[in-house]
Amino acid sequence: MQISEPSRGRRWLARLASTTLQSWALVLCVAAVLSLLRLAQMAWHWPQGLDVPLSDLWAVVYQGARFDLKVCAAAALLLWPVFLALPPRWHGAPAGLLAVVFVTASLINLHYYGFYKTPIDPVVFGFFEDDTKAILQTIWSDFPVLLTLAVLAGASWAAITARRELYATLSLRLNAAIAIRRVPALVVLLGVLLGLFLLVLTTKGTLRAMALGRQNVTVTTSQFLNDMVPNGVIALKFAWDGRKASQNFSDPLLGLRQLGYATPQEAARVLGLPAGSEAEVRQALFARGGSPVPGQRKHLLFFLMESWSAEPFLYHDDKNFNVLGRLAPTLDQACHFSNFDAAQPGTHPSLEAILFTTPITPLTLGVQGQRPIPWAVPLLLKQAGYRTVFVTSAQAGWRGLDRVLRTQGFDEVIDASFLQRAYPDAQMGIWGGLGPLRVPLSEPAPQGAAAALCLRTHGYQPSALRPAAGLPARAARRSALGW
């Protein structure tokens, strides 16, 4: 039997069907690989002694598969016009790139959870905003990079090969059926529209009003199992959404709502403050103290040690691992708080929490950093008659500190460049080592009083200490990477 050449319309119809089929092959194969990686992540990080019912495991696998299908369907929709424009023999390039990116994100999420005990969160953006080179060196020395690359190659190859074989098998039958008019054109068109509709529906993730999102991550009573639900791509999206929300100052009550308070009066009542009206709350919050005490006063010095965590105190040893130095003999008379929660994760958010006492961060990276914050600690000290100085062994250009800190009440900002000139013999290595120094003031402090905040920074290379000191690997990583 002789088969006539298909018309131009049927050729376009076959191309639409082939493109939709390619998109679905990509979704199913990449989502299947992401689900397998989730099982591997659960096995890799399974807590010792954790015993959960099989129903909980199934809930995690099922909900995780929904998120896998969601992100893959969203990517397939974006690639659909690309597949339509390119010849089928070139579809492997964008599809393969997508598979590699998604597998990479899931593997990053695996190791991120191993260190931070949480899926990817906004702290991950510190990779680009802090010392990226030092972070990469630490990752190379402390994480199974080669094994991870091998898994990346194997999982990506599996997704790419499965997509190619699935598409090749189904497309041959589909194109042949369309070409010989076995399937009516209307049925093919309806099939294409149905495939696109299902892609959109899968991207939404549910038939309900609200799309599948962060509120759907909690499916069991185990925090560990709930943390296994998001894949790397959706966790990165949640982190990005959280970052944008933290920089959105259009709603002045955003911080209160994040803490569970609908109005300032509600929070004031919990704190025992006057709460009759917003004006009364404001007056209580910004109430002025008495006039500055005349005469000589003491200097105020505050040292903030970046990445200084509990490990130096836990593993300190005078002979084998002396990290406290001259601080060690003073601990008997010091106020040492060994059980506390950090205000924020990371150097810059913690610094903002100390200076501005607010849960909203980053506060000074936007327009808010261009005008004084009335309750900023250095501004209040300045108003009390102190000369305020900020000293850091980092560069003052980091996060715009040279501009922001002066706006927020510091009279002077002294950074690594100034210290290197003032102390040419000082060691300014990866640990930011500085010997005894005198804080120089360009102008004398009023009444001889100065308030100085010293931010001492160091690098991220625990390998420089661990071989000689015998510091446990986990403690070294946490001390070094404690952003």
Side-chain angles (χ1 to χ4, degrees), residues 118 121-123 125 208-211 213-218 221 223 226 237-293 300 302 304 335 337 339-386 388 399-400 404-410 451 453:
T118 178
D121 61 12
V123 177
F125 299 107
R208 299 178 180 177
M210 291 188 64
R214 188 191 297 269
Q215 71 278 2
N216 303 110
V217 169
T218 302
T221 57
Q223 185 61 48
N226 292 335
K237 179 187 181 300
F238 292 159
W240 180 254
D241 292 342
R243 179 181 174 86
K244 287 196 302 182
S246 69
Q247 295 178 334
N248 178 20
F249 302 111
S250 59
D251 182 4
L253 301 181
L254 176 65
L256 283 177
R257 292 200 177 99
Q258 288 177 343
L259 294 175
Y261 301 107
T263 63
Q265 294 94 313
E266 184 178 341
R269 293 188 189 98
V270 175
L271 295 174
L273 298 175
S277 64
E278 286 195 22
E280 191 175 2
V281 174
R282 180 179 294 273
Q283 183 178 3
L285 289 175
F286 295 97
R288 301 275 179 170
S291 302
V293 179
L300 299 177
F302 183 89
L304 175 62
C335 295
F337 301 96
N339 185 16
F340 67 94
D341 290 328
Q344 295 289 343
T347 302
H348 186 258
S350 298
L351 181 61
E352 288 199 338
I354 293 171
L355 294 180
F356 310 127
T357 60
T358 171
I360 304 177
T361 184
L363 187 61
T364 56
L365 296 184
V367 296
Q368 296 293 332
Q370 301 175 13
R371 53 178 179 263
I373 299 174
W375 59 86
V377 173
L379 186 60
L380 296 176
L381 288 171
K382 185 176 181 178
Q383 293 171 353
Y386 284 91
T388 54
R399 306 289 177 89
V404 170
L405 294 178
R406 294 180 185 274
T407 303
Q408 303 306 330
F410 279 102
L453 188 149

How many angstroms lie between atom [atom1] of [X] and atom [atom2] of [Y], to the nearest 0.5 angstrom?
X: Thr118; Y: Asn226; atom1: OG1; atom2: CG; value: 11.5 Å
X: Leu273; Y: Gln283; atom1: CG; atom2: CD; value: 12.0 Å
X: Leu271; Y: Arg269; atom1: CG; atom2: CZ; value: 12.0 Å

Where is the tightest heavy-atom contact between [X] and [Y], given as atom of each residue plus distance?
X: Leu380; Y: Trp375; answer: CD1-O, 3.8 Å
X: Ala275; Y: Val281; answer: CA-CG2, 3.9 Å
X: Pro274; Y: Ala268; answer: O-CB, 4.0 Å
X: Phe238; Y: Gly213; answer: CZ-C, 3.8 Å

Q. Any side-chain heavy atom of Thr388 within less than 4.5 Å of one from Leu405?
A.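 Not touching, per the 4.5 Å side-chain cut-off.
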- Indicate yes or no for a side-chain donor-acceptor contact from Gln408 to the backbone of Pro374 under 3.5 Å, with no hydrogens or angles considered. no
